[in-house]
Each structure stands twice: as structure tokens, then as C-alpha cells.
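Every heavy atom of this structure was used, including side-chain atoms; hydrogens, water molecules and symmetry mates were not. Numbers here simply count residues along the sequence, with the first being 1.
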Amino acid sequence: ALHDHNVLCPGNRELSVLHRSAHYICSSDTARTSFAANPLKYIDAASPPKLPPPRLLVIGPAFSGKTMHAQRLAAEHGLIFVDFAHYVRELALGPSDDVLTSDLQTCLRT
């Protein structure tokens, strides 16, 4: 998931692959098949995978500045700001033409 989708996912020990005396734990059967077919694509020591940006959740009481601080953090650190209440409303009301909502739905499915 990290190499192909830039997302960290927990591995499943039942989906491990043995390569050069090391066990590599994959997150899905698809990932395991891809890794087994070409392990060097995933373990190139010359260029380790870039870690995805952190995911932050800002919580607090109403009118405490959550949105303002989350937007500021996103802007300062190059992160994506997601208004969770907006996202939940979009899910409840159906599909949207909103690009962010569409991208987020795609990301959450992977």
C-alpha cells in the first residue's frame, strides 16, 4: 500500500512473503501477489519509499477554533484539510461533484 498508494496499512502476518531470508508482511492478497512477482520493486535500498503525510484529527468543543487551527496546520505543512462534518453530510446526502469528497472516498476505499 505504501509503495503503490502512498498509504500505510497494517500488515497481515498470514500474508507474509519470504525473500532473501527476510519476511515481508503484506496488507492484502493483491499486495502479496505484487510483491512476490517483483520484490526488488518494493525493497530498493537505494531509494526507500517516501512516507505519506501525517493524518491529524482536531477535536474540541463547539466554537473552540478547531477549523481555524486545522486549516492553519494544513496550510503550514502541506496537508489536506478535510471538514469531517461536511464529508459526513455528503455521504448522507449522496454523491457529490466536489473533487475533494471524490478523492477522499477513493482514498478511504484503498
Side-chain angles (χ1 to χ4, degrees):
L2 178 60
H3 187 276
D4 294 330
H5 304 290
N6 200 32
V7 175
L8 288 173
C9 294
N12 180 342
R13 290 185 186 271
E14 294 177 9
L15 299 174
S16 67
V17 177
L18 180 63
H19 177 72
R20 294 185 180 169
S21 302
H23 286 275
Y24 294 88
I25 300 173
C26 302
S27 60
S28 69
D29 194 44
T30 303
R32 181 177 186 242
T33 302
S34 296
F35 182 88
N38 187 5
L40 296 180
K41 173 183 173 183
Y42 298 95
I43 58 173
D44 180 14
S47 59
K50 181 181 173 189
L51 292 177
R55 296 177 183 182
L56 304 173
L57 174 64
V58 179
I59 59 173
F63 302 105
S64 63
K66 300 178 296 292
T67 300
M68 177 188 68
H69 288 292
Q71 287 174 331
R72 192 190 89 233
L73 283 168
E76 288 178 4
H77 298 284
L79 305 173
I80 296 172
F81 169 76
V82 177
D83 182 341
F84 188 71
H86 173 76
Y87 179 64
V88 170
R89 281 191 297 274
E90 288 289 325
L91 287 176
L93 297 174
S96 169
D97 292 333
D98 182 6
V99 173
L100 177 60
T101 301
S102 174
D103 289 348
L104 198 58
Q105 287 172 341
T106 302
C107 181
L108 291 173
R109 279 188 226 118
T110 59

Output the distance between atom CE (Met68) and atom CG (Leu73), rounded to the nearest 0.5 Å. 10.0 Å
If I take atom CG from residue Leu79 and atom CZ from residue Arg72, how far apart are they, to the nearest 0.5 angstrom? 12.0 Å
So which heavy atom on [X] is nearest to which on [Y], and how close?
| X | Y | result |
| --- | --- | --- |
| His23 | Ser16 | ND1-OG, 4.0 Å |
| Asp29 | Leu15 | N-CD1, 3.7 Å |
| Pro10 | Ser27 | O-CB, 3.5 Å |
| Pro39 | Ala37 | CD-C, 3.9 Å |
| Ala74 | Ile80 | CB-C, 4.3 Å |

Apply side chain to side chain contact (heavy atoms under 4.5 Å, CB included) to the pair Thr67 and Phe81, showing each step before the final yes or no. CA-CA 9 Å; Thr67 300; Phe81 169 76; 3.9 Å; yes
Does atom CG (Leu18) have a neighbourhood of more than 12 heavy atoms from anything else shown, all under 6.0 Å? yes
Which pairs count as salt bridge (Lys or Arg N to Asp or Glu O under 4.0 Å) when at least one residue sits in residues 6-23, sequence neighbours excluded?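 Sorted result for residues 6-23: empty, none.
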Taking the side chain as every heavy atom from C-beta outward, state whether Phe35 and Ile43 have any atom pair closer than 4.5 Å. yes
Do Val17 and Tyr42 sit in one hydrophobic cluster, given that two such residues count as connected whenever their side-chain heavy atoms are within less than 4.5 Å of each other, even indirectly?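 Per the 4.5 Å side-chain linkage, Val17 and Tyr42 are co-clustered.
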